[in-house]
Engineer: 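First the structure, which I've put down as structure tokens, then a few questions once you've had a look.
Lettering of chains follows the sequences in order, A, B, ..., and the numbering in each one begins at 1. All figures in this text were calculated on a predicted structure; none of them were measured in a lab.
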There are 2 protein chains.
Amino acid sequence: MIACTKCGKVETIVKSGFVRGKQRLYCKDCELYFSVNPPNPSTNKKPHQTTIVDIAKTLGISPSTVSRALNNSQEINENTRNEVIRVANELDYRPNLLAQSLHRGETHTIGVVIPDIQRPFFAGVVAGIQKVASEAGYRVMICQSNESHNTETLNVQALMASRVDGLLISHTKETNSFEHIKLHLRKGIPIVHFDRVCDELETAKVIQEDFEGSFALVEHLIKQGCRRIAACAGPEDLLISQKRLNGYKAALQKYDLPIETDLIFHSSFKKEDSLNALNNWLELSQRPDGIFTVHYANAIEMIMSLKQKGIKIPDEIALAAFGDDLLASMIEPSLTVYNQFPFTVGQEAATILIDNIINKEIFVPFTKVIKGELIVRQSSNKI
Amino acid sequence: MIACTKCGKVETIVKSGFVRGKQRLYCKDCELYFSVNPPNPSTNKKPHQTTIVDIAKTLGISPSTVSRALNNSQEINENTRNEVIRVANELDYRPNLLAQSLHRGETHTIGVVIPDIQRPFFAGVVAGIQKVASEAGYRVMICQSNESHNTETLNVQALMASRVDGLLISHTKETNSFEHIKLHLRKGIPIVHFDRVCDELETAKVIQEDFEGSFALVEHLIKQGCRRIAACAGPEDLLISQKRLNGYKAALQKYDLPIETDLIFHSSFKKEDSLNALNNWLELSQRPDGIFTVHYANAIEMIMSLKQKGIKIPDEIALAAFGDDLLASMIEPSLTVYNQFPFTVGQEAATILIDNIINKEIFVPFTKVIKGELIVRQSSNKI
DNA sequence: TCATCTATCGCAAACGTTTCCGAAAACGTA
DNA sequence: TACGTTTTCGGAAACGTTTGCGATAGATGA
């Protein structure tokens, strides 16, 4: 009366001892061992994702055997394995990653916290991260802090609650305490900083040539003949702002140009800020003849304003800025920039993080610098 | 010899019967009941995330009581609850969302599949999705298909394996079979389409005014005096391309203008495509005097090329395109566009999806149209 | 004094996997 | 026939949480 779970035949079945009190059977045709469960015909449950238990029941074997069959275990009969795979395909089995993650203690997911995905730099970084992550079999969970320290903290907590295997983060411009990071760092969770990093934490970091880049931009302006170069820096707390400002100062010093506080403005990346700065500079008795901004968007806003005012670029004022974008190349005059290769930044950061995750014990934090590139365009090309 | 788990005193402890064979104790000071576990001093395990079991052990109560204390259950003593909360804070307890999700059968996570996060439209959509999702307590998992149907399928599978509660998707431009979606739709997983939707599936959809938008753009060009308007359409398979092309044709028909196949080009959004199309049109015996493109990037590429060739915009050729971006407003001449409000699209899509998730039984799919806005700029302003 | 009620709490099952441990059959050897 | 070995599999625990089902002690009432 009992049929083979594979071929369905009855006449080929012979009893073959007992396993843990359950009658064990053997199909001579299929060379397959299995045991019988009391058939439960009234289990018309609602449709659900099939589990290894479902597979086990239809084949009359145990879930552990199914698990072994699907995980390339050595200690399993080839016939059984094939049967399991057949039924798994038939029932469209998909392993429940939640259960796997819970058991293994790892989710194969990395968390990303960025200030704003709508900024091309971060969108590029995210794209780079996703490329590397998906190639390595990791999923990506992205959160935006919207430049709010509080939101950033909540984001980090949420990602940690989801038990991400590691974290990639670029801080808010208002972030100057890092307790929300330290907490998890102490628990041993791999964290990699990029772009807006934090020096007081012992994490791996991916940064750009902030100093070198602004130095190159400002030196370029000087070589084009500028002698009074104004700087639109970022928020004072932000580390990369400081570095970029230092590059600006170093370039001036190299060419024996004075550093004038009148010409240095700390913006918070808002449009009003850059226009205020510009207007202040234009009202000085001695106008600047060059402008360096740490964010290309500020430079573009200034270009638009300068054009309205009828001030000639680059003849009266030349501009150069950090960060490239299609927009920088397409406005008139096109903007001289220092390209940061955001996609590369993302790729590197993800690569390092995954390395940190896999080799957690022997990993030692280090800092990777992504080389940038000076792209000279019309806004500074006087010659 | 036994001390209270709260105040630590020994003299206030009295025996208070048994619970399931375990000695129950009572602290007269704290009015707290608890029982004792055999102390296990040699459990110096490696540091790990604290669990409710850890809390239970330090307090001498059972995990279920801890769970009830942390979940606002009614049937628990207030003193016990407070103690649990105190210890939970002390040990920095964070609930393991994996375990919760596994038990509850829901992850409070929604999956998003988009072609390319670096395109401002999709970045805006994602930002809108994240805003709504985080406000509703949902996390967001984002995948890029990179316009590859195969990658899209893998993305969907990965998200489903992670047991996301719902899916937001905008299809690849090469996607014209939808088995990978149907499969999961049959299993009852809420799916909402946006932008590049699919008519053959019974899902909720968030779309733009594709027909009305291109109609408005083309009608605007006609009113500016254009009589031979070329169209740079999208991939033929893409539904929104067809709709937008229909809007173009309808506008021509309304004003009794002929539809000339010479003037219709199907691009795949690549730069070469748009330049090829432009060059073909310019070589016609009768050049077009207006160009409509379904993607603003194509229009911008054409503007750059036209300027190089010395062709005057809008006098010789006027342009108007779908989709707004900062770039469109800043190039010269600035580009007339039909703004799609990507952020709103994302917000609406997420809202509908979450509604679908929560009210799964009574939800009926519908289509929401996000109204757009014609923004007239220099590229078409002849008057 | 006894039975009943209420307030708390513990046990165990469940979610879906993986894996250690052991058990039995089959096989090989003497 | 009597062993030991190999092959193959099942049971059960574990991951961390929630929850139905009791169980107990103290309070209440008769």
Side-chain angles (χ1 to χ4, degrees), chain A residues 14-26 31-37 48-56 59-81 83-84 93-107 161 163, chain B residues 14-26 31-35 37 48-56 59-81 84 93-107 161 163:
Chain A
V14 293
K15 293 186 179 177
S16 172
F18 284 85
V19 179
R20 302 250 173 189
K22 294 169 68 176
Q23 177 66 256
R24 199 184 193 208
L25 301 170
Y26 181 69
E31 301 178 16
L32 189 71
Y33 291 100
F34 61 96
S35 48
V36 283
N37 285 48
H48 70 150
Q49 285 279 7
T50 62
T51 70
I52 57 171
V53 179
D54 297 324
I55 300 177
L59 279 175
I61 60 179
S62 90
S64 35
T65 305
V66 176
S67 175
R68 270 186 282 258
L70 297 173
N71 286 294
N72 298 323
S73 165
Q74 297 307 317
E75 46 181 54
I76 189 167
N77 186 295
E78 270 309 307
N79 290 319
T80 314
R81 184 200 303 281
E83 276 310 283
V84 168
Y93 168 75
R94 307 294 164 119
N96 186 325
L97 260 39
L98 289 174
Q100 285 185 338
S101 299
L102 179 61
H103 183 83
R104 294 193 179 133
E106 55 182 33
T107 53
R163 296 297 195 269
Chain B
V14 294
K15 293 186 180 177
S16 172
F18 285 84
V19 179
R20 301 250 175 190
K22 294 168 67 177
Q23 178 66 254
R24 198 185 194 207
L25 302 169
Y26 179 69
E31 301 177 17
L32 190 71
Y33 292 99
F34 60 96
S35 47
N37 285 47
H48 70 150
Q49 285 279 7
T50 62
T51 70
I52 57 172
V53 179
D54 298 324
I55 300 177
L59 279 175
I61 59 179
S62 89
S64 34
T65 305
V66 176
S67 174
R68 271 185 280 257
L70 297 173
N71 286 295
N72 299 322
S73 165
Q74 296 309 316
E75 46 179 58
I76 189 167
N77 185 293
E78 270 308 306
N79 291 317
T80 314
R81 183 200 303 283
V84 168
Y93 167 75
R94 308 294 165 119
N96 187 324
L97 259 41
L98 288 174
Q100 284 187 338
S101 299
L102 179 60
H103 183 84
R104 295 196 179 128
E106 54 182 34
T107 54
R163 297 297 194 269

Engineer: Closest to the A:Thr80 side chain: D:dC9, C:dG16, D:dT18?
Structural biologist: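 Of D:dC9, C:dG16, D:dT18, D:dC9 is nearest to the side chain of A:Thr80.
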Engineer: When all nucleic acid strands are considered with a 4.0 Å heavy-atom cut-off, which category describes B:Ser67: base, sugar-phosphate, or nothing?
Structural biologist: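 Result for B:Ser67 = base.
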Engineer: What nucleic acid atoms does A:Arg94 come within less than 4.0 Å of, heavy atoms only: base, sugar-phosphate, or nothing?
Structural biologist: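 Touches sugar-phosphate only.
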Engineer: To the nearest Å, give me how far apart CD (A:Gln49) and P (C:dG16) are.
Structural biologist: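 Atom CD in A:Gln49 sits about 10 Å away from atom P in C:dG16.
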Engineer: In terms of the nearest nucleotide of DNA chain D, which residue is placed more toward the 5' end: B:Glu75 or B:Leu102?
Structural biologist: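 The residue closer to the strand's 5' end, by nearest nucleotide, is B:Leu102.
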Engineer: Show the numbers, then the answer: is there a side-chain contact (heavy atoms from CB on, under 4.5 Å) between A:Arg163 and B:Asn96?
Structural biologist: CA-CA 7 Å; A:Arg163 296 297 195 269; B:Asn96 187 324; 3.7 Å; yes
Engineer: Quickly work out the B:Leu98 CG to D:dT18 C1' distance and round it to whole Å.
Structural biologist: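 Distance, rounded to whole Å: 15 Å.
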Engineer: Between B:Asn77 (CG) and C:dG10 (P), how many Å, whole number?
Structural biologist: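 Spelled out: CG on B:Asn77 to P on C:dG10 is 11 Å.
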Engineer: Looking at D:dG10, I'd like to know if its phosphate oxygens (OP1 or OP2) sit under 4.0 Å from a side-chain N or O belonging to A:Ser62.
Structural biologist: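 Checking D:dG10 against A:Ser62, a side-chain N or O does come within under 4.0 Å of OP1 or OP2.
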Engineer: Just how far, in rounded Å, is P of C:dT8 from CG of B:Asn71?
Structural biologist: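 That distance rounds to 17 Å.
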Engineer: From CZ of B:Arg104 over to P of D:dT18, roughly how many Å is that when rounded to an integer?
Structural biologist: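 Distance check: B:Arg104 CZ to D:dT18 P gives 6 Å.
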Engineer: Does A:Gln100 make a side-chain N or O approach to OP1 or OP2 of C:dG16 shorter than 4.0 Å?
Structural biologist: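 No, A:Gln100 has no side-chain N/O under 4.0 Å of OP1/OP2 on C:dG16.
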Engineer: Hey, could you give me the CG/CZ distance between B:Asn72 and B:Arg81, rounded to the nearest 0.5 Å?
Structural biologist: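 Output value for this atom pair is 5.5 Å.
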Engineer: Can you name the side chain to side chain donor-acceptor pair (under 3.5 Å) partners of B:Arg94, sequence neighbours left out?
Structural biologist: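 Side chain to side chain donor-acceptor pair (under 3.5 Å) list for B:Arg94, sorted by chain: B:Asp92.
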Engineer: Rounded to whole angstroms, how far apart are CD1 on B:Ile61 and C1' on D:dT18?
Structural biologist: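 Interatomic distance, CD1 of B:Ile61 to C1' of D:dT18: 15 Å.
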Engineer: Please list, chain by chain and in numerical order, all residues satisfying side chain to side chain donor-acceptor pair (under 3.5 Å) with A:Thr50, sequence neighbours excluded.
Structural biologist: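 A:Thr50: no side chain to side chain donor-acceptor pair (under 3.5 Å) contacts found.
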Engineer: Determine whether B:Tyr93 and B:Val66 make a side-chain contact, defined as any pair of heavy atoms from C-beta on separated by less than 4.5 Å.
Structural biologist: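 They are not in side-chain contact.
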Engineer: To the nearest angstrom, how far is A:His103 atom NE2 from D:dC15 atom P?
Structural biologist: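 Atom NE2 in A:His103 sits about 9 Å away from atom P in D:dC15.
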Engineer: Side chain of B:Ala99: nearest nucleotide among C:dT17, D:dG10, D:dT17?
Structural biologist: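 It is D:dT17.
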Engineer: Report the distance from atom CD1 of A:Ile76 to atom C1' of D:dC9, rounded to the nearest whole Å.
Structural biologist: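 Rounded to whole Å, this separation is 8 Å.
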Engineer: Let me know, please, whether A:Thr65 or B:Ser64 comes out on the 5' side of the other along DNA chain C by nearest nucleotide.
Structural biologist: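 Closer to the 5' end of DNA chain C: B:Ser64.
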Engineer: Within the modelled atom types, does a donor on one side and an acceptor on the other bring the side chain of A:Arg68 and the base of D:dG10 under 3.5 Å apart?
Structural biologist: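 It does, because a donor-acceptor pair links the side chain of A:Arg68 to the base of D:dG10 below 3.5 Å.
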Engineer: Looking at A:Ile52 and A:Pro63, what are the two nearest heavy atoms and their distance?
Structural biologist: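 Closest approach of A:Ile52 to A:Pro63, heavy atoms only: CD1-O, 3.9 Å.
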Engineer: Enter the inter-axis angle for the ends of the helix from C:dT1-D:dA30 to C:dA30-D:dT1 (five pairs per end, rounded to 10°).
Structural biologist: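 Comparing the first five pairs with the last five, the axes sit 70° apart.
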Engineer: Nearest 0.5 Å please: distance from the OG1 atom of B:Thr51 over to the CG atom of B:Asp54.
Structural biologist: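 Taking OG1 in B:Thr51 and CG in B:Asp54, the distance rounds to 3.5 Å.
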